[in-house]
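Structure record follows, encoded as structure tokens.
Lettering of chains follows the sequences in order, A, B, ..., and the numbering in each one begins at 1. Note: hydrogens, waters and symmetry copies are ignored here, and every other heavy atom, side chains too, is used.
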Amino acid sequence: MTASLPALHAGLTSPFPRSERLVTATRDLDRGRTSPELVEKAFVEAENELLALEERSFTDLTAGYLRWNDLFRPIAETWSGFTVGPLTRWLETNTFFRQPVLSAPPRRTPLGIASRLPPPLAARSANARVFLPGPYTFTKILENRSGASDLEVLGSMGQLLAEEVHELSGLGYGLFQFSDPILVTDPPEGKAAEGTVEAYRAIATANPRATTVVWTYGAAVGPSLPLLDRLPVSVVGLDLTETEPESIRPGPHALGLGLGIIDPRTTLPETLRDTVDIVRQALRRRPSASLWLGPSAPLDLLPARPAEQKLLRLADVRAVLLREGLA
Amino acid sequence: MNTPLFPTQEIGSLQKPSLEALGDWEQRIHFLSRLSQVPPDVLRHPDVATLQNLRAAFGIAFLESAGLDRVYDGEARRVEMYEYAARQMTGLQFQGHVRSWDSKYYRKGTAVDRINLIAPYHLDEFDFVRAHTHAGVKLPITGPYTLADWSYNEYYLARQSGWKGRPQRRAAQRELVLDMAQRVLRPTLQALVAHGCRVIQIDEPAAGTHPDEAPLVVEGFNEATQGLDAEFSMHICYSRYQDLLPALLEAKACRQWAWEFANRDADHHDGYEVLKLLREYSDTRSIGLGVLDVHRDTMETPELVAERIQRAAKYLGDPARIWVNPDCGLRTRTLDVAYAKLQAMVAGAALARRELEGNNS
């Protein structure tokens, strides 16, 4: 370990909650009590505040993706073949998303996703982390009325996300995180597992220079690790608040290890020492060339103030690890 | 109460009408006549208490005039189902808003100390409803598991030592659920029953969130209701019910499952098929059958409602066990849409009744 310390990344792995000011502004807009211009101003201020925090403390920038309504909406609203469907519960949470409904072969719209990325990232694309839905999770949550089989849709999603990454790479983005929690909450088997590997292979083949992260959460990763280790990605992220460290098995050293260590399901701040220790335990069990730290699940399960405290704790953990070493 | 076959009931909250809307609705359902001593300009500048009474009287009249057999007040006095209850106890602190979807948010409390009830709640609203309705009364109250699940758990979790992994979180959650059941719900339910409340719906929408915790949902329900003389039901929505069974069946005092079905009923998917499971488990409790999708404006026809009821009756094997209701509260629909949906529901129940009686004659 001491001979080759892993590179240490840290940052947001999901949208950040809206500040109380943004909550009020967006509510007021819904009720016709404010203007879109004032809401836009509130978004810009909130994005800039979060960017400043990220630039001080972390390696990757997101600006919080505060404008996104859910992870799937940018695709459901911009790609053809999709419409936005009914409210649906997001995993084991009290938050909901609009279920994408696929009723024709899906097609990308050029610059569709790019137009939905947080505006401040355009000028910082080299350090930005682009959030995209993982192909397996996306295929699982959509309502497929297209006539194609789910396996065929999974294949299409791999191809289309590959094109998306290619287009965004051309705009200077280099780090792409695929949020794919259903890989661990309802792991694919048989043809679906092979289809998932193929979908990620399509992305990797078309974008050999991109850094790709598959981020999972919501369940212990143990049973899914053999499959995750086969995915042709740069980093595999797992939920350490759901996973017993003893169940983590070694994987390919070149495959980056992502650890979700900040728990958005409670406002209780993580204790610094326990968190540093659990990271070291996980890394001992699964040595890796790079370590990526982040929240274990979407931080927007919290109100903004405790979420910010948790984010600062993540920065503290990174600082201790940088100072004291990972071993 | 003598109930017809396929009686109808409310299930949750309604949109809170503005003063202007109350004025418009007064022309249609004459809810002011239920109140005594109403000044002529009461709809212009009511104080807070009067406005709450107006909205409650409106909610009762709204549901009654739509034709429902069992009503409440549309939860007119509650800011929403979690926050209202959370403010009746000590130990919970609010730290801000959490997004539910899009620009819809709710406040979520943090358990920063051991939970304690300030005083039993919903008594005044129950008294008001009972005094102002001709229909049956069913009181909805948020259940202990949902109150715990929709709160952040600091106090109980902090008592667990070391890294707060899944086992520690589960242990802390059980403590919080049981405190909610024993220290908040139980004394409140006792007081309601002592007030004469006989039909009580325990709302547990969070039950479907963590299917593996269904036994804890039941433990909380049993702790809250044990030994109390009332007709309890359990309302759970937006869940895969098959994942909660058979654990749920251990809810001893529960006499009705009030579930959502219409939201998932479509041409290519039978939303009611899950009822077959209850028959397989030989569970004979009644069903509060969700027949209205509360998340869409699309109007159910009486024929569709009747067909859903008949389908459910076939799966259950006993039509007499069916109560008919919306999937969930109609709060997200405009009052016009909600009213039209409820009327279609009542007409659909009557149609199903006639069809069944026709088949049996």
Practice problem: State yes or no: are the ring centers of A/Phe72 and A/Phe138 separated by less than 6.0 Å? | Solution: yes
Quiz item: Does the side chain of A/Thr267 pick up a donor-acceptor pair with the side chain of B/Glu154 at under 3.5 Å?
Solution: yes
Exercise. Say whether A/Thr241 and A/Asp239, considering side chains only, have a donor N or O and an acceptor N or O under 3.5 Å apart.
Key: yes
Quiz prompt | Test side chain to side chain contact (heavy atoms under 4.5 Å, CB included) applied to B/Asp149 and B/Tyr82, step by step | solution = CA-CA 10 Å; B/Asp149 188 65; B/Tyr82 168 79; over 6 Å; no
Practice problem: Heavy-atom distances under 4.5 Å only: say whether B/Arg169 touches chain A with side chain, backbone, both or neither. | Solution: side chain
Exercise. Flag the one option from A/Leu22, A/Asp300, A/Thr95, A/Thr271 with the top tally of heavy-atom pairs under 4.5 Å to chain B.
Key: A/Thr95
Quiz item: Taking all atoms of both residues into account, what is the closest heavy-atom pair of B/Leu248 and B/Val218, and its distance?
Solution: CA-CG2, 3.6 Å
Quiz item: Looking at B/Arg166, B/His97, B/His210, which one has more heavy-atom pairs under 4.5 Å with chain A than the rest?
Solution: B/His97
Quiz item: Do you see a donor-acceptor pair shorter than 3.5 Å between the side chains of B/Glu213 and B/Tyr145?
Solution: yes
Quiz item: Under a 4.0 Å N-O cut-off, is there an ion pair linking A/Lys310 with A/Asp316?
Solution: no
Quiz item: Does the cation-pi check pass for B/Lys108 over B/Phe94, that is, NZ or CZ under 6.0 Å from the six-membered ring centre and within 45° of its axis?
Solution: no
Quiz item: Contact part of A/Gln99 toward chain B, heavy-atom cut-off under 4.5 Å: side chain, backbone, both or neither?
Solution: neither
Quiz prompt | Contact leader toward chain A among B/Ala158, B/Gly208, B/Gly162, where contacts are heavy-atom pairs under 4.5 Å | solution = B/Gly162
Self-check item: Residue selection (most heavy-atom pairs with chain A, distance under 4.5 Å) from B/Trp150, B/Tyr155, B/Trp163
Solution: B/Trp163
Self-check item: B/Arg99 to A/Phe96 six-membered ring, cation-pi geometry met (6.0 Å, 45°)
Solution: no
Exercise. Could you tell me which residues in residues 27-46 of chain A have at least one non-hydrogen atom under 4.5 Å from a non-hydrogen atom of chain B, sorted by residue number?
Key: A/Arg27, A/Asp30
Practice problem: Look at the aromatic rings of B/Phe261 and B/Trp259 and report parallel, tilted or perpendicular, splitting at 30° and 60°. | Solution: tilted
Exercise. Return the option, out of A/Glu242, A/Glu244, A/Arg305, with the maximum number of heavy-atom pairs under 4.5 Å with chain B.
Key: A/Glu242
Quiz prompt | Structural part of A/Pro15 lying under 4.5 Å from a heavy atom of chain B | solution = neither
Quiz item: Should the pair B/Asp327-B/Arg296 be classified as a salt bridge under the 4.0 Å nitrogen-to-oxygen rule?
Solution: no
Quiz item: Which pair of non-hydrogen atoms, one from A/Thr93 and one from B/Thr209, has the smallest distance, and what is that distance?
Solution: N-CG2, 3.3 Å
Quiz item: Of all the residues in residues 174-181 of chain B, which have a heavy atom that comes within less than 4.5 Å of a heavy atom in chain A?
Solution: none
Self-check item: Options B/Pro167, B/Gly96, B/Pro205, ranked by heavy-atom pairs under 4.5 Å with chain A, top entry
Solution: B/Gly96
Quiz item: Is a salt bridge present between A/Arg18 and A/Glu308, judged by a nitrogen-to-oxygen distance below 4.0 Å?
Solution: no
Quiz prompt | Portion of B/Asp102 that has a non-hydrogen atom of chain A nearer than 4.5 angstrom | solution = both
Quiz item: Any idea which heavy atoms bring B/Lys16 and B/Glu75 closest together, and the distance?
Solution: NZ-O, 3.7 Å
Quiz prompt | Region of A/Trp90 that comes under 4.5 Å of a non-hydrogen atom in chain B | solution = neither
Practice problem: Can you tell which part of A/Thr275 gets under 4.5 Å to a heavy atom of chain B, answering side chain, backbone, both or neither? | Solution: both
Exercise. Might you confirm whether atom CD of A/Glu246 has over 12 heavy atoms from other residues, nucleotides or ligands at distances under 6.0 Å?
Key: yes
